[in-house]
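I have placed the structure first, in the form of structure tokens, so that the comments after it can refer back to it.
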Amino acid sequence: MIMKKIGLFYSFASKKTAKIAGIVHNAFSGEDVQLINVDEVKKENFLEFENLIIGVPTWFDGELPNYWDELLPALEEIDFSKKRIAIFGLGDQKGYAENFCDAIGIMVDFFEEKGAMIVGKIPLDGYTFEGSKAVRDGQFMGLPLDQENQARLTNGRIEQWVVNLKKEFV
Ligand SMILES: Cc1cc2nc3c(=O)[nH]c(=O)nc-3n(C[C@H](O)[C@H](O)[C@H](O)COP(=O)(O)O)c2cc1C
């Protein structure tokens with residue numbers, strides 16, 4: 001093992017997101033990745049890790065799912081300043097072209113405000129959409145995955161992302 005343990009936070013009840021989380025977990029084989037269900041999470045769970053991965057689909061035309069929206073206020077008091085956070089998002093670049101994976105951007109804004117270092121940024125190549133809060137300075141601030149339109153690219157995208165995360169995590 002080369003890194004400190006990693007906390008992978010997502011809703012176990014969110015079907016597609018949970019499947020993707022399993023693929024991310026496998027891609028880290030050999031590392032200590034702990035799966036945390038945000039439906040039952042406690043504030044303390046976030047304090048345990050210096051490396052965090054957040055999985056979040058975008059719902060409601062560019063918004064967080066309810067369970068994340070309701071959880072974030074409880075995290076307001078946490079100091080994330082020594083933490084590295086990587087975010088993967090699920091979205092639909094055809095059906096919601098104006099709001100593709102916006103939830104990644106919403107999460108980035110929240111955790112940056114709390115001092116976190118965002119890792120796992122990727123280029124825009126290979127995606128077609130109109131607008132996304134996940135984009136800043138010409139790149140995605142996390143990893144967008146599109147099971148509706150580009151499911152067969154997902155495994156390769158995750159492989160590449162994890163190769164990079166292994167360099168960016170501590
Ligand atoms: C009602 C509804 C609204 C959605 N809104 C968005 C959106 O604004 N942007 C986006 O990229 N994807 C959007 N999606 C697509 C979902 O993010 C995508 O289907 C995702 O895989 C769902 O993951 P989950 O099953 O884990 O919740 C929406 C899907 C539904 C059903």
Side-chain angles (χ1 to χ4, degrees), residues 6-29 33-43 45-46 49 51-75 85-113 116 118-162 164-165:
I6 298 164
L8 173 44
F9 293 78
Y10 63 100
S11 164
F12 288 18
S14 219
K15 255 194 158 178
K16 290 182 191 156
T17 304
K19 185 183 168 207
I20 298 296
I23 302 171
V24 172
H25 186 196
N26 288 341
F28 271 104
S29 65
V33 179
Q34 299 185 11
L35 308 182
I36 313 283
N37 185 2
V38 297
D39 297 324
E40 301 172 354
V41 76
K42 294 189 183 60
K43 206 166 103 175
N45 293 124
F46 286 87
F49 301 95
N51 300 315
L52 291 86
I53 300 174
I54 306 264
V56 61
T58 300
W59 288 7
F60 312 120
D61 294 344
E63 292 181 43
L64 296 177
N66 301 333
Y67 54 88
W68 271 118
D69 209 24
E70 286 158 16
L71 178 59
L72 290 188
L75 309 181
I85 301 190
I87 301 164
F88 71 82
L90 280 81
D92 173 352
Q93 65 201 287
K94 265 194 193 152
Y96 300 88
E98 302 282 346
N99 302 96
F100 179 49
C101 284
D102 275 359
I104 293 176
I106 297 170
M107 288 299 210
V108 166
D109 288 348
F110 180 86
F111 287 109
E112 268 192 346
E113 165 76 26
I118 303 298
V119 297
K121 301 170 193 176
I122 68 152
L124 304 182
D125 309 287
Y127 297 87
T128 306
F129 60 99
E130 300 293 325
S132 174
K133 286 189 186 142
V135 177
R136 201 191 291 170
D137 300 327
Q139 60 181 348
F140 284 118
M141 298 297 284
L143 176 68
L145 298 166
D146 184 340
Q147 296 305 93
E148 267 80 18
N149 308 294
Q150 296 183 328
R152 72 201 159 73
L153 300 181
T154 293
N155 283 12
R157 283 173 169 164
I158 291 172
E159 287 292 331
Q160 185 57 54
W161 194 57
V162 168
N164 292 339
L165 288 183

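Just so you know, these numbers use all the heavy atoms, side chains as well, and skip hydrogens, waters and symmetry mates. All ligand and atom numbering here is 1-based and tracks the order in the structure. FYI, the numbering just counts along the sequence from 1. Computed from a predicted structure; not experimentally measured.
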Side chain to side chain contact (heavy atoms under 4.5 Å, CB included) between L64 and V56, intermediate numbers included: CA-CA 7 Å; L64 296 177; V56 61; 4.0 Å; yes

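- Not counting sequence neighbours, K19 has no partner by the salt bridge (Lys or Arg N to Asp or Glu O under 4.0 Å) test.
- Across F129, Y96, Y10, heavy-atom proximity to atom 2 (C) of ligand 1 is greatest for Y96.
- Summary of contacts: the protein heavy atom closest to atom 26 (O) of ligand 1 is T17 OG1, 2.6 Å.
- Considering each of T58, L145, D92, the one bringing a non-hydrogen atom nearest atom 16 (C) of ligand 1 is T58.
- Taking each heavy atom of Q139 and I122 in turn, the nearest pair found is CB-O, 3.4 Å.
- When only interatomic distances are considered, the shortest N/O to N/O separation between P57 and ligand 1 does not fall below 3.5 Å.
- Remark: minimum distance from atom 20 (C) of ligand 1 to any protein heavy atom is reached at L90 CB, 3.8 Å.
- Ring geometry for Y127 against F140 counts as perpendicular: the plane angle is over 60°, on a 0 to 90° scale with 30° as the lower cut.
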- request: Just do the side chain to side chain contact (heavy atoms under 4.5 Å, CB included) check on F12 and T17 with the steps written out, would you?
  value: CA-CA 8 Å; F12 288 18; T17 304; over 6 Å; no

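- The shortest contact between atom 8 (O) of ligand 1 and any protein heavy atom is with G62 N, 2.7 Å.
- Close N/O approach between W59 and ligand 1 is found [any backbone or side-chain N/O within under 3.5 Å].
- Residue contacts with ligand 1 for S14 involve both N, CA, C or O and side-chain atoms from C-beta outward (heavy atoms, distance under 4.0 Å).
- Taking atom 9 (N) of ligand 1 as the reference point, the nearest protein heavy-atom neighbour is N99 O, 2.9 Å.
- Salt-bridge check for E112 with R136: passed, with a basic side-chain N closer than 4.0 Å to an acidic carboxylate O.
- Using 4.0 Å as the threshold, E148 has a heavy atom nearer than that to some atom of ligand 1.
- Not close to ligand 1: D102, with no non-hydrogen atom less than 4.0 angstrom away.
- Near D61, meaning under 4.0 Å from any of its heavy atoms, are these atoms of ligand 1: 5 (N), 8 (O).
- Between K16 and E148 there is a salt bridge, since a side-chain N of the basic residue sits under 4.0 Å from a carboxylate O of the acidic one.
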- request: For side chain to side chain donor-acceptor pair (under 3.5 Å), just list the numbers for N99 and D102, CA-CA rounded to whole Å, side-chain angles, deciding distance to a tenth of an Å, and then say yes or no.
  value: CA-CA 5 Å; N99 302 96; D102 275 359; 2.9 Å; yes

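- In terms of protein heavy-atom proximity, atom 21 (O) of ligand 1 is closest to K16 CD, 3.3 Å.
- Checked by distance only, ligand 1 and F100 stay at 3.5 Å or farther apart across all their nitrogen or oxygen atoms.
- Donor-acceptor pairing under 3.5 Å is lacking for the side chains of E130 and Q93.
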